[in-house]
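Here is the structure we will look at.
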There are 2 protein chains.
Amino acid sequence: MNKDVFKYSDCPVYRSMSILGTRWKPIVIYMLRDHKARFGQLHASIGTISKKVLTDTLKELEADGILFREEFKEMPPRVEYTLTHKGKTLIPIIIQLARWDNEHYEAKQVEKTA
Amino acid sequence: MNKDVFKYSDCPVYRSMSILGTRWKPIVIYMLRDHKARFGQLHASIGTISKKVLTDTLKELEADGILFREEFKEMPPRVEYTLTHKGKTLIPIIIQLARWDNEHYEAKQVEKTA
DNA sequence: CATAATGGTTACGTTTTGGTTACCACTTTA
DNA sequence: TAAAGTGGTAACCAAAACGTAACCATTATG
């Protein structure tokens with residue numbers, strides 16, 4: 001099934017999943033919650049994401065109007081990513097989701113040892 | 001990367017994505033928002049999900065404590081799925097997400113025709 | 001006897017997503 | 001001359017997610 005089937009679905013639950021429903025997107029958005037950041041900063045603060053996947057993720061979020069990319073013509077290059085209004089309005093929802101998880105989370109049980 | 005790396009992450013944003021971050025999970029949860037449903041009903045009302053994926057999705061949601069499965073020993077079989085408390089508390093968040101999408105959604109532009 | 005009905009499972013294949021490694025352009029600094 | 005620093009890209013590969021088709025058990029009904 002093609003992503004666009006969801007993207008232009010009649011149902012907003014489907015549609016919002018086409019924007020957010022991958023491993024990294026909510027995390028990248030959350031990282032930008034209160035300040036812009038450069039590519040390298042995002043890469044470092046997320047830690048385990050690869051450059052390629054970060055690039056792809058940022059491009060898709062830009063295409064979906066969640067953030068914008070500002071490129072400075074300097075050397076070495078500098079690029080800053082900032083949430084749009086649409087992106088910022090997502091922050092409270094992501095925070096609620098995190099709070100929901102925290103309230104219901106039970107840490108992994110330690111396995112029985114011999 | 002293994003799912004469990006996310007599932008037991010320190011960050012609740014990561015963790016909640018390990019529960020919800022697939023195409024169908026929020027949709028299945030939303031379908032159960034105000035009443036239990038049988039397997040066949042879910043399959044029919046979602047429409048485009050395959051039986052296998054619905055089965056997998058329901059199993060994972062059960063394992064994550066979002067819903068429970070009640071099996072009646074009848075013939076032909078009957079199975080009912082119901083949200084747990086944990087699952088129900090997710091509904092307002094999913095609804096907010098849907099509302100967020102609706103507020104920012106712009107329907108697909110019609111392509112220029114010759 | 002054949003078919004329908006329910007809630008799956010199994011085997012298999014495809015698509016989507018994520019990851020690795022090497023490499024690039026350009027300038028500054030050592 | 002060589003390396004460092006930035007924000008990537010390209011080719012390729014692995015894993016996760018999703019999909020299809022056929023099949024199963026059991027009972028009731030025609």
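Residue numbering restarts at 1 for every chain, and letters A, B, ... go by the order of the sequence lines. All heavy atoms count here, side chains included; hydrogens, waters and symmetry mates do not.
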Look at [X] and [N] and indicate whether a side-chain polar atom (N or O) is within less than 4.0 Å of OP1 or OP2.
{"X": "A:Arg23", "N": "D:dA15", "answer": "no"}
{"X": "B:Trp24", "N": "D:dG19", "answer": "yes"}
{"X": "B:Lys59", "N": "C:dT9", "answer": "yes"}
{"X": "A:Arg78", "N": "D:dG8", "answer": "no"}

Protein-nucleotide distance ([X], atom [atom1]; [N], atom [atom2]), rounded to Å:
{"X": "B:Met17", "N": "D:dA17", "atom1": "CE", "atom2": "P", "answer": "13 Å"}
{"X": "A:Leu42", "N": "D:dG7", "atom1": "CG", "atom2": "P", "answer": "10 Å"}
{"X": "A:Phe6", "N": "D:dA17", "atom1": "CZ", "atom2": "P", "answer": "14 Å"}
{"X": "A:Glu60", "N": "C:dT17", "atom1": "CD", "atom2": "C1'", "answer": "9 Å"}
{"X": "B:His43", "N": "C:dA5", "atom1": "NE2", "atom2": "C1'", "answer": "15 Å"}
{"X": "B:Tyr81", "N": "C:dT6", "atom1": "OH", "atom2": "P", "answer": "14 Å"}
{"X": "A:Lys51", "N": "C:dC23", "atom1": "NZ", "atom2": "P", "answer": "14 Å"}
{"X": "A:Leu54", "N": "D:dT9", "atom1": "CG", "atom2": "P", "answer": "11 Å"}

(message) Heavy atoms within less than 4.0 Å of DNA chain D: which residues of residues 70-77 of chain A have one? Give them sorted by number.
(response)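 Under 4.0 Å from DNA chain D: A:Pro76, A:Pro77.
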(request) Please tell me if the side chains of A:Tyr30 and A:Ile95 come closer than 4.5 Å, counting only heavy atoms from C-beta onward. (result)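 Yes, their side chains come closer than 4.5 Å.
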(request) Answer yes or no: is there a side-chain heavy-atom contact under 4.5 Å between A:Leu61 and A:Thr57? (result)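 In contact.
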(request) Determine the contact category for A:Ser50: base if any of its heavy atoms lies under 4.0 Å from a base atom, sugar-phosphate if only primed atoms, P, OP1 or OP2 are that close, otherwise nothing. (result)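 Base contact.
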(message) Ignoring hydrogens, what is the shortest heavy-atom contact between B:Lys86 and B:Ile19? Give both atom names and the distance.
(response)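 Scanning both residues, the minimum pair turns out to be NZ-CD1, 4.3 Å.
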(request) Report the residue (B:Leu58 or A:Thr22) whose heavy-atom-nearest nucleotide on DNA chain C is the more 5′ of the two. (result)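 Result of the comparison: B:Leu58.
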(request) Could you tell me whether the side chains of A:Ser16 and B:Trp100 share a donor-acceptor contact shorter than 3.5 Å? (result)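 Short answer, no.
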(message) Parallel, tilted or perpendicular, judged at 30° and 60°: which one describes the rings of A:Trp24 and B:Tyr14?
(response)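 Perpendicular: the ring planes of A:Trp24 and B:Tyr14 meet at over 60°.
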(request) Mind telling me whether A:Phe39 and A:His43 have parallel, tilted or perpendicular rings, with 30° and 60° as the class edges? (result)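 Taking A:Phe39 first and then A:His43, their aromatic rings lie parallel (interplane angle under 30°).
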Are [X] and [Y] within salt-bridge range, i.e. N to O under 4.0 Å?
{"X": "A:Lys7", "Y": "A:Asp64", "value": "yes"}
{"X": "B:Arg15", "Y": "B:Asp10", "value": "no"}
{"X": "B:Arg69", "Y": "B:Glu80", "value": "no"}

(request) For DNA chain C, determine which residues of residues 28-38 of chain A have any heavy atom closer than 4.0 angstrom to one of its atoms, and list them numerically. (result)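 When residues 28-38 of chain A is checked for heavy atoms under 4.0 Å from DNA chain C, there are no hits whatsoever.
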(request) Return the set of residues passing salt bridge (charged side-chain N to carboxylate O under 4.0 Å, His left out) with B:Arg38 (not counting sequence neighbours), or none when no residue passes. (result)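 With neighbours one apart ignored, the set is empty.
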(request) Can you figure out which of D:dG7, C:dG8, C:dG19 approaches the side chain of A:Ile49 most closely? (result)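 Of D:dG7, C:dG8, C:dG19, C:dG19 is nearest to the side chain of A:Ile49.
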(message) Side chain of B:Lys52 only, heavy atoms from C-beta on: which candidate in D:dG8, D:dG19, C:dG8 is closest?
(response)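 Nearest to the side chain of B:Lys52 among the choices is D:dG19.
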